[in-house]
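Reviewing the structure listed below.
Note that this is a predicted model, so its numbers are computed, not measured.
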Amino acid sequence: QVQLVEAGGGLVQAGDFLRLFCAASGRTFILNSMGWFRQAPGKEREFVAAISWIGGTGYGADSVKGRFTISRGDAKNAVYLQMNKLKPEDTAVYYCAGSKKVIASSQDDMYDYWGQGTQVTVSS
């Protein structure tokens, strides 16, 4: 099994930045791609960004392009989400997810493992 633990959330003001960290442990060698998703109160979970360990190319949702950047460590045990120019609408619980699939997907049902989430709150 794989365990994922997120950290780095908090309360910030609009325009500020945060860096989320996801630590993976256990049988991490089975992971080939990672993603970040978020869920705001009363809304469905939505894709934020994803990256593959094959090639390491990441991408993000249109709503975060130019502001958020996903990156990974060299070993299959760390994924980061740099969030700049935060907006109140970015307020949500952010989840790290791991997949056995090589292609980094924006679909949450393509992910096999999930963290418990970290709260990000952006005040106006």
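- More than 12 heavy-atom neighbours from other residues, nucleotides or ligands sit within 6.0 angstrom of OH on Tyr59.
- The distance between the ring centers of Phe47 and Tyr111 does not fall below 6.0 angstrom.
- Contact check for Arg67 versus Asp90: side-chain heavy atoms found under the 4.5 Å cut-off.
- Rounded to the nearest 0.5 Å, atoms NZ (Lys100) and CZ (Arg27) are 7.5 Å apart.
- Transitive grouping of hydrophobic side chains (ILVMFWY, heavy atoms separated by less than 4.5 Å) keeps Tyr80 and Tyr113 in distinct clusters.
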Start with the C-alpha gap between Ile103 and Ser33, add the side-chain angles, then the distance that decides, and say whether side-chain contact (heavy atoms from CB on, under 4.5 Å) holds. CA-CA 7 Å; Ile103 297 177; Ser33 58; over 6 Å; no
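- By the criterion of side-chain heavy atoms lying less than 4.5 angstrom apart, applied directly or through intervening Ile, Leu, Val, Met, Phe, Trp or Tyr residues, Met34 is not grouped with Phe37; the two fall into different hydrophobic clusters.
- Between the CZ atom of Arg19 and the CG atom of Asn84 there is a distance of 10.0 Å, given to the nearest 0.5 Å.
- The two residues Cys22 and Trp36 make their nearest non-hydrogen contact at CB-CZ2, 3.7 Å.
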Report the C-alpha separation of Trp53 and Asn32 in whole Å, then their side-chain angles, then the decisive distance to 0.1 Å, and conclude whether the side-chain contact (heavy atoms from CB on, under 4.5 Å) test is met. CA-CA 5 Å; Trp53 258 296; Asn32 289 306; 5.6 Å; no
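- Note on Leu4 and Met110: separate hydrophobic clusters, where clusters join Ile, Leu, Val, Met, Phe, Trp and Tyr whose side-chain heavy atoms are under 4.5 Å apart, directly or indirectly.
- With rounding to the nearest 0.5 angstrom, the CG atom of Leu81 is 9.5 Å from the CG atom of Leu18.
- Within the 4.5 Å cutoff, the side chain of Trp114 has heavy atoms near those of the Asp108 side chain.
- Smallest separation of non-hydrogen atoms from Glu6 and Cys96: OE2-N, 2.8 Å.
- Other residues, nucleotides and ligands place more than 12 heavy atoms under 6.0 Å from the CD1 atom of Ile30.
- A single hydrophobic cluster is seen to contain both Val2 and Val79, as judged by linkage of ILVMFWY side chains at heavy-atom distances under 4.5 Å, directly or through other members.
- Under a 3.5 Å cut-off, the side chain of Ser52 and the backbone N or O of Val102 do form a donor-acceptor pair.
- Interatomic distance, CD of Gln107 versus OG of Ser99, reported as 12.0 Å (0.5 Å rounding).
- With hydrogens and angles ignored, the 3.5 Å screen pairs no side-chain donor or acceptor of Gln116 with any backbone N or O of Val5.
- Under the 3.5 Å distance criterion, the side-chain polar atoms of Thr28 are matched with a main-chain donor or acceptor of Lys76.
- With salt bridges taken as basic N to acidic carboxylate O contacts below 4.0 Å, one links Asp62 and Lys65.
- Within a 6.0 Å radius of NZ in Lys85, other residues, nucleotides and ligands contribute 12 heavy atoms or fewer.
- Taking each heavy atom of Ser124 and Ala14 in turn, the nearest pair found is CA-CB, 4.4 Å.
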Can you list the steps and then say if Val120 with Leu20 is a side-chain contact (heavy atoms from CB on, under 4.5 Å)? CA-CA 9 Å; Val120 172; Leu20 302 185; 4.1 Å; yes
side-chain contact (heavy atoms from CB on, under 4.5 Å) between Val122 and Asp16, worked out: CA-CA 8 Å; Val122 185; Asp16 284 350; over 6 Å; no
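- Atoms OH and CZ, on Tyr95 and Arg38 in that order, are 13.0 Å from each other to the nearest 0.5 Å.
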